[in-house]
Amino acid sequence: MIGLVLVSHSRLIADGLCQLADQMAGGGVKIAPAGGLTDDPYTLGTDAALILEAIESVWSEDGVLLLVDMGSAVMSAEMALEFLPDEQRNRCLISNAPLVEGAIVAALHAGMGNRLHDVNAAAEDALNARKVERVPENVKDKTCG
Amino acid sequence: MDRANTGVSPTPTEGNEHSATVTVKDPQGLHLRTSKDVVRVASQYQAEITAQNLSRSSIQVDVKSILQLMQLQARQGHVLLLQAAGPDAADALNALCVLF
C-alpha cells in the first residue's frame with residue numbers, strides 16, 4: 001500500500017487535510033503532513049527537511065505520492081527527493097493534482113490498494129472535475145440576445 | 001418508500017444490464033463520507049456502474065469515481081438512477097442500494 005505526503009505552506013492546512021484524508025482512507029494508509037517550516041511551524045512556507053522526514057515516516061516499497069499546494073511547495077518537494085537514494089526516489093511521485101481534492105481521492109484509492117500511478121491518475125482527474133455548472137459569460141450574452 | 005433502497009432485486013433491463021432507483025435518505029445528502037463508501041463497494045465489482053440524479057437532470061457519472069459522485073449534488077429526497085452492466089451487475093446494485 002502506498003504512502004502519502006501532504007505538503008502545504010500552512011501547517012494548519014497540512015494537518016487538517018491529513019485528518020480528512022485519514023477518514024477517506026479508512027485506516028491502513030500512512031499519511032503524513034509536511035506544512036510550514038521546521039523551526040517555526042506557524043510561519044507560512046515549505047521545508048525540504050520536513051518533507052523528507054514525512055516521506056521517510058510513510059515510506060513503503062509500493063511508493064509514496066506527494067501532494068503539494070503550489071510554488072515553492074513543488075521546489076521543496078523536489079529538493080527532498082534529491083536527498084533520497086535513487087531506489088527510493090524512483091518510487092516517489094509529485095502529483096499535479098490540486099492539494100485538497102487530490103488528497104481526498106488519493107487517500108481513498110490508496111486505501112483500496114491501488115498502485116502509485118493509478119492513485120495519482122485518479123487524483124489528477126480532479127484537475128478537470130467541475131464543482132458547479134455555469135454557463136460561460138460569452139455564451140450567456142449570446143443566448144440572452 | 002423506495003423499494004430499491006431496501007435491497008429488493010434491481011430490475012433487469014437487458015442481458016447483464018440492471019437498473020435501480022434510490023432515494024437519498026441522509027439529511028446531509030450524498031456527502032463525502034457516504035460517497036467514499038459507495039466508491040469502495042462499487043470498486044469490488046467488475047460491472048460498469050453509473051448514477052444519474054433524476055431530481056436535477058444531471059449527467060450520468062461513474063460511481064467508482066468520488067469526484068464524479070460529488071458532481072451529482074444530491075440532497076436528501078433526491079432520486080438517483082443507478083445503472084450497472086456486467087456479469088455481477090445485479091449483485092453490485094443490491095450492495096449499493098442500501099448505502100444511500
Side-chain angles (χ1 to χ4, degrees), chain A residues 1-2 4 6 13 15-31 62 65 67 69 95-136 139 143, chain B residues 24 26-82 84 86 88-89 91-93 95-96 98-100:
Chain A
M1 194 170 283
I2 71 162
L4 300 178
L6 311 180
I13 288 178
D15 289 355
L17 188 56
C18 202
Q19 180 192 29
L20 178 56
D22 274 334
Q23 285 199 21
M24 299 307 291
V29 181
K30 286 185 180 172
I31 306 172
D62 294 328
L65 185 64
L67 291 127
D69 54 13
S95 181
N96 265 315
L99 179 61
V100 175
E101 291 87 339
I104 290 170
V105 174
L108 174 58
H109 285 266
M112 294 192 296
N114 295 0
R115 290 182 303 180
L116 179 64
H117 287 273
D118 294 334
V119 171
N120 182 50
E124 289 186 353
D125 278 344
L127 289 165
N128 299 314
R130 294 180 66 85
K131 292 174 187 179
V132 288
E133 288 308 319
R134 186 180 297 134
V135 181
V139 176
T143 51
Chain B
V24 177
D26 196 314
Q28 294 182 335
L30 181 57
H31 54 76
L32 201 53
R33 273 177 293 118
T34 308
S35 298
K36 164 204 69 172
D37 295 332
V38 171
V39 174
R40 278 180 170 273
V41 170
S43 298
Q44 291 166 11
Y45 297 89
Q46 290 174 39
E48 284 184 23
I49 314 164
T50 61
Q52 193 176 1
N53 186 345
L54 299 179
S55 305
R56 279 188 187 272
S57 305
S58 76
I59 54 163
Q60 273 194 343
V61 304
D62 179 358
V63 304
K64 295 180 186 177
S65 163
I66 192 153
L67 291 164
Q68 292 190 34
L69 273 178
M70 291 286 92
Q71 290 176 326
L72 292 176
Q73 298 288 345
R75 295 187 185 185
Q76 183 182 33
H78 280 186
V79 179
L80 310 182
L81 172 64
L82 304 181
D88 51 6
D91 290 342
L93 288 191
L96 288 171
V98 296
L99 298 177
F100 290 90

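Convention: sequence-line order gives letters A, B, ...; per-chain numbering from 1.
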Engineer: Which members of residues 57-65 of chain B, sorted by number, sit under 4.5 angstrom from chain A on a heavy-atom basis?
Structural biologist: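 Checking residues 57-65 of chain B against chain A gives B/K64.
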
Engineer: What is the distance from atom CG of A/L127 to atom CG of B/L67, rounded to the nearest 0.5 Å?
Structural biologist: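 Interatomic distance, A/L127 CG to B/L67 CG, rounded to 0.5 Å: 9.5 Å.
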
Engineer: Could you tell me which residues in residues 29-46 of chain B have at least one non-hydrogen atom under 4.5 Å from a non-hydrogen atom of chain A, sorted by residue number?
Structural biologist: B/L32, B/R33, B/K36, B/V39, B/R40, B/S43

Engineer: Return yes if some donor-acceptor pair links the side-chain N/O of B/Q73 with the main-chain N/O of A/K131 below 3.5 Å, else return no.
Structural biologist: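 Looks like yes, one N/O pair under 3.5 Å.
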
Engineer: Between A/A122 and chain B, with a heavy-atom cut-off of 4.5 Å, which part of the residue counts as in contact: side chain, backbone, both or neither?
Structural biologist: backbone

